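Here is the structure we will look at, set down as structure tokens.
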Amino acid sequence: MRYVSPARIIRDDSDKAIGIFSQAFKRRDGEDGLSATWLEYFSEDHNESIIAAVRASRANLTLPVKRDSGFAIGNVGDILSACKHHNRSSKKIRVVYMPNNCNKSHAEVKWLPHDDQLLDLLATEVWANLKLNKDIPD
């Protein structure tokens, strides 16, 4: 699961969320990984995991989760498969569990290439399941 800021959510004329901009999956310069949350850390039940992960994100003081933000849900196998076809680097793309003091469920997609076609694919197909923060109970 990846946090999506309100500015990275595509909305229609009535302000309904209809998608995710590809920039939500772009690594910052100098980063070798794209930050995410490992859902299975919380529960075997998918829906329970989403709720627990969102609640944990809200409690994380280093990530200001806004009411109109969202969370993109992706499958590791699908992410790796999509990335495999766009990787021109010698580094193999990996999804790695990397807990830290602020987030025990933290994971990273390591060495994700800066490829606009890949980012579009991640946003529209691979990580396109968007859960809005406001729809997750407290």
Side-chain angles (χ1 to χ4, degrees):
M1 181 178 85
R2 177 153 171 83
Y3 174 76
V4 181
S5 71
R8 303 285 189 241
I9 297 174
I10 302 168
R11 298 181 185 275
D12 66 13
D13 292 336
S14 64
D15 205 35
K16 179 183 175 190
I18 58 171
I20 304 168
F21 286 110
S22 61
Q23 293 86 353
F25 303 100
K26 185 175 183 178
R27 287 184 296 122
R28 293 182 187 104
D29 290 337
E31 290 181 333
D32 65 358
L34 186 71
S35 187
T37 298
W38 177 40
L39 287 179
E40 287 78 6
Y41 172 84
F42 296 99
S43 170
E44 289 183 21
D45 181 82
H46 186 68
N47 290 326
E48 287 177 16
S49 293
I50 293 170
I51 293 169
V54 170
R55 288 176 177 162
S57 294
R58 290 172 181 160
N60 182 344
L61 298 178
T62 62
L63 179 68
V65 177
K66 301 193 171 150
R67 176 168 167 69
D68 55 347
S69 64
F71 296 88
I73 312 295
N75 174 280
V76 172
D78 294 341
I79 294 165
L80 292 175
S81 178
C83 291
K84 183 178 182 179
H85 301 291
H86 293 272
N87 189 15
R88 291 169 182 79
S89 168
S90 61
K91 294 181 179 180
K92 185 175 180 183
I93 297 164
R94 299 192 183 282
V95 178
V96 181
Y97 174 52
M98 297 182 65
N100 59 44
N101 291 336
C102 297
N103 183 355
K104 299 299 182 201
S105 61
H106 184 258
E108 283 190 12
V109 180
K110 304 292 273 179
W111 305 292
L112 184 70
H114 290 280
D115 179 300
D116 290 338
Q117 286 182 322
L118 172 61
L119 298 181
D120 285 342
L121 180 65
L122 292 176
T124 59
E125 294 181 34
V126 178
W127 239 327
N129 182 358
L130 179 66
K131 303 292 183 190
L132 296 176
N133 181 39
K134 67 181 181 179
D135 294 337
I136 304 295
D138 290 331

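For clarity, every value in this text was computed on a predicted model and none was experimentally measured. In this chain, residues are counted from 1 in sequence order.
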Item to check | Side chain S57, main chain A53, donor-acceptor under 3.5 Å | outcome: yes

Checklist entry - Can L112 and L118 be said to form a side chain to side chain contact (heavy atoms under 4.5 Å, CB included), step by step? => result CA-CA 9 Å; L112 184 70; L118 172 61; 3.8 Å; yes

Next on the checklist: Hydrogens and angles aside, do H106 and S35 bring a side-chain donor and acceptor to less than 3.5 Å of each other?
Outcome noted: yes

Item to check | Pairs involving residues 98-107, ordered by first then second residue, that meet salt bridge (charged side-chain N to carboxylate O under 4.0 Å, His left out) (sequence neighbours left out) | outcome: none

Checklist entry - Is there any salt bridge (charged side-chain N to carboxylate O under 4.0 Å, His left out) pair reaching into residues 125-138, and which pairs are they, with sequence neighbours excluded? => result R58-D138

Item to check | Nearest heavy-atom neighbours spanning A82 and V126 | outcome: CB-CG2, 3.7 Å

Checklist entry - Excluding sequence neighbours, so at least two apart, what forms side-chain contact (heavy atoms from CB on, under 4.5 Å) with T124? => result none

Item to check | Results of side chain to side chain donor-acceptor pair (under 3.5 Å) for D120 - residues two or more places apart only | outcome: S22

Checklist entry - What heavy-atom pair brings A56 and F42 nearest, and what distance separates the two atoms? => result CB-CZ, 3.9 Å

Next on the checklist: As an exercise, state the distance from CG of L34 to CH2 of W111, rounded to the nearest 0.5 Å.
Outcome noted: 13.5 Å

Checklist entry - Above 12 or not: heavy atoms from other molecules or residues under 6.0 Å from CG of D12? => result yes

Next on the checklist: By the salt bridge (charged side-chain N to carboxylate O under 4.0 Å, His left out) test, which pairs, at least two apart or in different chains, include something from residues 28-46?
Outcome noted: R28-E31, D32-K110

Checklist entry - Where do V65 and F71 come nearest, in terms of heavy atoms and distance? => result CG1-CZ, 4.0 Å

Item to check | side chain to side chain contact (heavy atoms under 4.5 Å, CB included) between S69 and S5, worked out | outcome: CA-CA 5 Å; S69 64; S5 71; 5.7 Å; no

Item to check | side chain to side chain donor-acceptor pair (under 3.5 Å) partners of Q23, counting only residues at least two apart | outcome: none

Next on the checklist: Could you walk me through whether I73 and L39 satisfy the side chain to side chain contact (heavy atoms under 4.5 Å, CB included) test, starting with their C-alpha distance in whole Å, then the side-chain angles of each, then the deciding distance to 0.1 Å, before giving a yes or no?
Outcome noted: CA-CA 9 Å; I73 312 295; L39 287 179; 4.0 Å; yes

Checklist entry - Where do W127 and R2 land on the side chain to side chain contact (heavy atoms under 4.5 Å, CB included) test, with the steps shown first? => result CA-CA 8 Å; W127 239 327; R2 177 153 171 83; 4.2 Å; yes

Checklist entry - Partners of F21 by ring-ring contact (aromatic ring centres under 6.0 Å, His included), sequence neighbours excluded? => result none

Next on the checklist: So, using side-chain contact (heavy atoms from CB on, under 4.5 Å) as the criterion, who are the partners of V95 when residues are at least two apart?
Outcome noted: V76, L80, V109

Item to check | Nearest-0.5 Å distance that lies between atom CE in M1 and atom CH2 in W38 | outcome: 14.0 Å

Checklist entry - Do the side chain of R27 and the main chain of P113 share a donor and acceptor less than 3.5 angstrom apart? => result no

Item to check | Set of residues satisfying side-chain contact (heavy atoms from CB on, under 4.5 Å) with respect to A17, sequence neighbours excluded | outcome: I9, R11, L130, L132

Next on the checklist: I'd like to check the side chain to side chain donor-acceptor pair (under 3.5 Å) partners of S105; sequence neighbours left out, ordered by chain and number.
Outcome noted: N103

Next on the checklist: Please enumerate all residues that pass ring-ring contact (aromatic ring centres under 6.0 Å, His included) together with Y41, with sequence neighbours excluded.
Outcome noted: none

Item to check | Interatomic distance, I79 atom CD1 to F25 atom CZ [nearest 0.5 angstrom] | outcome: 8.5 Å

Item to check | Within residues 65-78 or reaching into it, pairs that qualify as salt bridge (charged side-chain N to carboxylate O under 4.0 Å, His left out) - sequence neighbours excluded | outcome: none

